[in-house]
There are 4 protein chains.
Amino acid sequence: MNRDSSRRRPTLRDQQREAARAAIVDAAEELIAAHGLHGAPLVEIAKRAGVAVGTLYNYFTDRDDLVRALFESRRLTLRPMLAAAVERGRGLPFAARLRAFVVDTFAAYDQHRRFLKVAIEAEHLRPNNNTIAPDMQKALDEIVGEGVAQQQVEADVAELVTDVIWGTMKASVLRRIADGRPLAPAADPIVTLILRGARP
Amino acid sequence: MNRDSSRRRPTLRDQQREAARAAIVDAAEELIAAHGLHGAPLVEIAKRAGVAVGTLYNYFTDRDDLVRALFESRRLTLRPMLAAAVERGRGLPFAARLRAFVVDTFAAYDQHRRFLKVAIEAEHLRPNNNTIAPDMQKALDEIVGEGVAQQQVEADVAELVTDVIWGTMKASVLRRIADGRPLAPAADPIVTLILRGARP
Amino acid sequence: MNRDSSRRRPTLRDQQREAARAAIVDAAEELIAAHGLHGAPLVEIAKRAGVAVGTLYNYFTDRDDLVRALFESRRLTLRPMLAAAVERGRGLPFAARLRAFVVDTFAAYDQHRRFLKVAIEAEHLRPNNNTIAPDMQKALDEIVGEGVAQQQVEADVAELVTDVIWGTMKASVLRRIADGRPLAPAADPIVTLILRGARP
Amino acid sequence: MNRDSSRRRPTLRDQQREAARAAIVDAAEELIAAHGLHGAPLVEIAKRAGVAVGTLYNYFTDRDDLVRALFESRRLTLRPMLAAAVERGRGLPFAARLRAFVVDTFAAYDQHRRFLKVAIEAEHLRPNNNTIAPDMQKALDEIVGEGVAQQQVEADVAELVTDVIWGTMKASVLRRIADGRPLAPAADPIVTLILRGARP
DNA sequence: GATGAATGAGTATTCATTCAT
DNA sequence: GATGAATGAATACTCATTCAT
């Protein structure tokens, strides 16, 4: 009576299902970004997504699962971008590579401003749980590690350098999202400053 | 309605009142640091403070007022410390002054680790509302401004420099609080790195 | 500041608390008897008890706890009655003792008709969990055991005899509660019949 | 609206329809027996029956109708068995007839253990509504009535005798189903005991 | 007819706030 | 003032029922 369900092309229903799921996740992102991780009732999320509450539970087992899905989904989008940003600079001298990386990353982040706010808030509450931080950490480790190998970064400050970069990026992201300014223009000056130091 | 309370020496009753108030604020700090801004019911805070829920409302008009009081209280403690840190270095060359400032600040912060967690979490939810950020901003503005005047910092990156410092400090604070490590040892390397740049 | 709370006579507040608790349990009993173990919303129970929903949670951790408390409370009332009914006949010949026991038990049950309906229904869903069945079983075991010792009951049907008694009692209870008839008058004929058999 | 469906031989389609209906009822029985009258969501029943929820509504107007159908179906199966058990003993002396009846009944019940659990639970919630109780009552009334006619049972305990039999049977059924033991072996001892009384 | 996603009323539970003692 | 029980609005979650495909 049933078509084989393991090897079939996505049916129309599947596509709609996926669309609905995405709509719900988007709505959650929007409302959570606006009101915080605890300030977005499911009824509101449902309303914003154009569905009824019960529908949420056809896609997610509970509130936590929805939030987790939001993080997973964005992480799935952002991770390849980070990876690409890491790859693209492979072979370049450290300074050029770091600059390219930060520029690319901010470009990618600019398309996900709403989520970044959520992600950075969440970092305190659900540490390292599907956050973007570990991915960023990994990317920076690789790049700064290369810098050490190229003798462009002293080994004993390598970890600190990644902290400076990631800390500064977060600060910039928060400030610029709050102000409604784009992230991209911040990339270049940040890298320049970090590379050559605060003193001229 | 009462006798004027602004200009008489504190009676014993006033002192008790003040002590109770402080106990409540401390309890709030502790529980909010442990469970997040939304994970600390008033009944728990009261219990921890050794009073009944109803009593909270003799000291604070509502939950929000209590939280605001927590921030105010800590801000009141930390602001003079920051100011002192700013003052102490007055007249020093920029590099030395910045170093002294970060060292002093981390020393002060080390005594308020719990609150720092709360404050950094709150920054996302209630931006610039009684947070420590504006005070920090002001202090750094002054110090970095001096650096510009001393021609130790280029004017057009002044704002960015403060971002780098504050961003890096926050990153360090979070990581070290999470790890249970003291903040103080992080001060020196951070300043050195920021001053001379990532490249040797 | 606080009175010693471990060794004080029940205060007025304690008494009120107990009264409120009892009112809630009574309301639960009434509504569950009327609409079944799943047919009594907490809001209704609260309303019937004359309190708000939230109040229930000052006395019971959740719905299940309230139901458990209902069973515990009634069991606590009924168990001593059963025990007394067992004691009272001690030393009597088996037949007289069994008769006295059933008479006493039905007298006690008559005062708790509502709860009996609940208890008998619950026996299927929460087997042996704070039900009256185990207490009854124990009582009958003792009495019938004595009958065996007195050679008034053959050993190999002892267990079956208790089944017959308890089964018949339950059947009578259900029928008579449904019909609004008292239980007491059923006691005597039941025992007579069981003792001498169905045939004249 | 359709062609008259009452007087034509069952088409293939009718048979399939009937099979599907039966599968649904079976699934309902299984899940209700396992989780109680309120613990079996329609989605689960549908899944177990191998159909979609919506399909249930092509066979039953609502949940209640499905449950009613379950009871009707089993009643339709069990009633003739009871009737046969009643008939088979017609003409026998009371004792032999009662024995035969209980033996036959337990044999029949053994094939419907799952349903019996449901039926006995339901008796409390929806008394006399399509339960097996009334059929049993009728059968016992007839047999015990005959016993009275044969002067093997005193008229004034006739009703009570049926209570004893039915009560004891239910107790046995529940205990044995819970233990996973067959019902049949219980029949003989029960009847013997009831007939000759508890005393030797 | 069959499907299963969507619906939303119904219910349990939490917690800031009030107020009688 | 202090107490803590009472309040009820707010919220998460369930599930019978509907209906577009």
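Naming: A, B, ... by sequence-line order, numbering from 1 per chain.
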> If the condition is side-chain hydrogen bond (donor to acceptor under 3.5 Å, both in side chains), which residues does A/R114 pass it with, not counting sequence neighbours?
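side-chain hydrogen bond (donor to acceptor under 3.5 Å, both in side chains) list for A/R114, sorted by chain: A/E29.
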> Does B/E72 have any side chain to side chain contact (heavy atoms under 4.5 Å, CB included) partners at least two apart in sequence or in another chain, and if so, which?
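With neighbours one apart ignored, the set is B/R68, B/N130.
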> Take the protein atom CD1 of B/I45 and the nucleotide atom P of E/dT17, then report the distance between them rounded to whole Å.
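For the pair B/I45 CD1 and E/dT17 P, the rounded distance is 11 Å.
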> Can you run down the ring pair (Phe, Tyr, Trp, His ring centres under 6.0 Å) pairs that involve residues 43-68 of chain C, sequence neighbours left out, and say none if there aren't any?
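Counting only pairs at least two positions apart or across chains, no ring pair (Phe, Tyr, Trp, His ring centres under 6.0 Å) contact touches residues 43-68 of chain C.
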> Not counting sequence neighbours, which residues clear side chain to side chain contact (heavy atoms under 4.5 Å, CB included) with B/T77? List them please.
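For B/T77, the residues satisfying side chain to side chain contact (heavy atoms under 4.5 Å, CB included) (neighbours in sequence not counted) are B/M81, B/H112.
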> Mind running a 4.0 Å heavy-atom check of residues 21-32 of chain B against DNA chain E and sending the residues that fall below it, in number order?
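Under 4.0 Å from DNA chain E: no residue of residues 21-32 of chain B.
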> Taking for each residue the nucleotide of DNA chain E with the nearest heavy atom, is it A/V51 or D/R17 whose nucleotide lies nearer the 5' end?
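Looking at the nearest nucleotide for each, D/R17 comes out on the 5' side.
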> Touch check for A/Y59, heavy atoms < 4.0 angstrom, all strands: base, sugar-phosphate only, or nothing?
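Answer is sugar-phosphate: A/Y59 comes under 4.0 Å of backbone atoms only.
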> Any non-hydrogen side-chain atom of C/I177 less than 4.5 Å from a side-chain atom of C/I120?
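No; the side chains remain at least 4.5 Å from each other.
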> For DNA chain F, just give me the dot-bracket, please: Watson-Crick or G-U, both distances below 3.5 Å, ( ) intra-strand, [ ] crossing earlier pairs, | paired with another strand, . unpaired.
.||||||||||||||||||||
> Along nucleotides 10-16 of chain F, 5' to 3', which nucleotides get a B, which get an S, and which get a -, given that the test is a protein heavy-atom distance under 4.0 Å?
--SBBBS
> Expressed in angstrom and rounded to an integer, what is the separation of A/Q16 atom CD from F/dC19 atom P?
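So the CD-P distance, A/Q16 to F/dC19, works out to 18 Å.
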> Under the salt bridge (Lys or Arg N to Asp or Glu O under 4.0 Å) definition, can you give me all pairs with a residue in residues 35-45 of chain B, not counting sequence neighbours?
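For residues 35-45 of chain B, and leaving out neighbouring residues, the salt bridge (Lys or Arg N to Asp or Glu O under 4.0 Å) pairs sorted by first residue read B/E44-B/K47.
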> Side-chain contact, heavy-atom cut-off 4.5 Å: A/V118 with A/F71?
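Touching, per the 4.5 Å side-chain cut-off.
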> Taking only residues two or more places apart in sequence, or in another chain, which ones meet B/R48 in a side chain to side chain contact (heavy atoms under 4.5 Å, CB included)?
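Counting only residues at least two positions away or on another chain, B/R48 forms a side chain to side chain contact (heavy atoms under 4.5 Å, CB included) with B/A27, B/E30, B/L31.
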> So, are A/R74 and A/D26 salt-bridged, with charged N and O less than 4.0 Å apart?
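Yes, this pair counts.
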> Given atom CG of B/L37 and atom P of E/dC15, what is their separation to the nearest angstrom?
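The distance from CG of B/L37 to P of E/dC15 comes to 14 Å, rounded to the nearest Å.
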> Using atom CG of B/L56 as one end and atom P of E/dC19 as the other, report the distance to the nearest whole Å.
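In whole Å, E/dC19 P lies 17 Å from B/L56 CG.
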> Residues two or more places apart in sequence or in another chain: which of them pass ring-ring contact (aromatic ring centres under 6.0 Å, His included) with C/H35?
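So C/H35 forms no ring-ring contact (aromatic ring centres under 6.0 Å, His included) with any residue.
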> What's the closest nucleotide to the A/A20 side chain, out of E/dA6, E/dT3, F/dG1?
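So the side chain of A/A20 is nearest to E/dA6.
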> Report the distance from atom CZ of B/R48 to atom P of F/dG4, rounded to the nearest whole Å.
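Checked: the CZ to P distance equals 17 Å.
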> Send over the distance from D/K47 NZ to E/dG4 P, rounded to a whole Å.
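Rounded to whole Å, this separation is 10 Å.
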> For B/D65 and E/dA16, give me the distance from atom CG to atom P, rounded to whole Å.
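Spelled out: CG on B/D65 to P on E/dA16 is 14 Å.
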> Which residues pass the side-chain hydrogen bond (donor to acceptor under 3.5 Å, both in side chains) test with C/R113, not counting sequence neighbours?
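C/R113 satisfies side-chain hydrogen bond (donor to acceptor under 3.5 Å, both in side chains) with C/D110 only.
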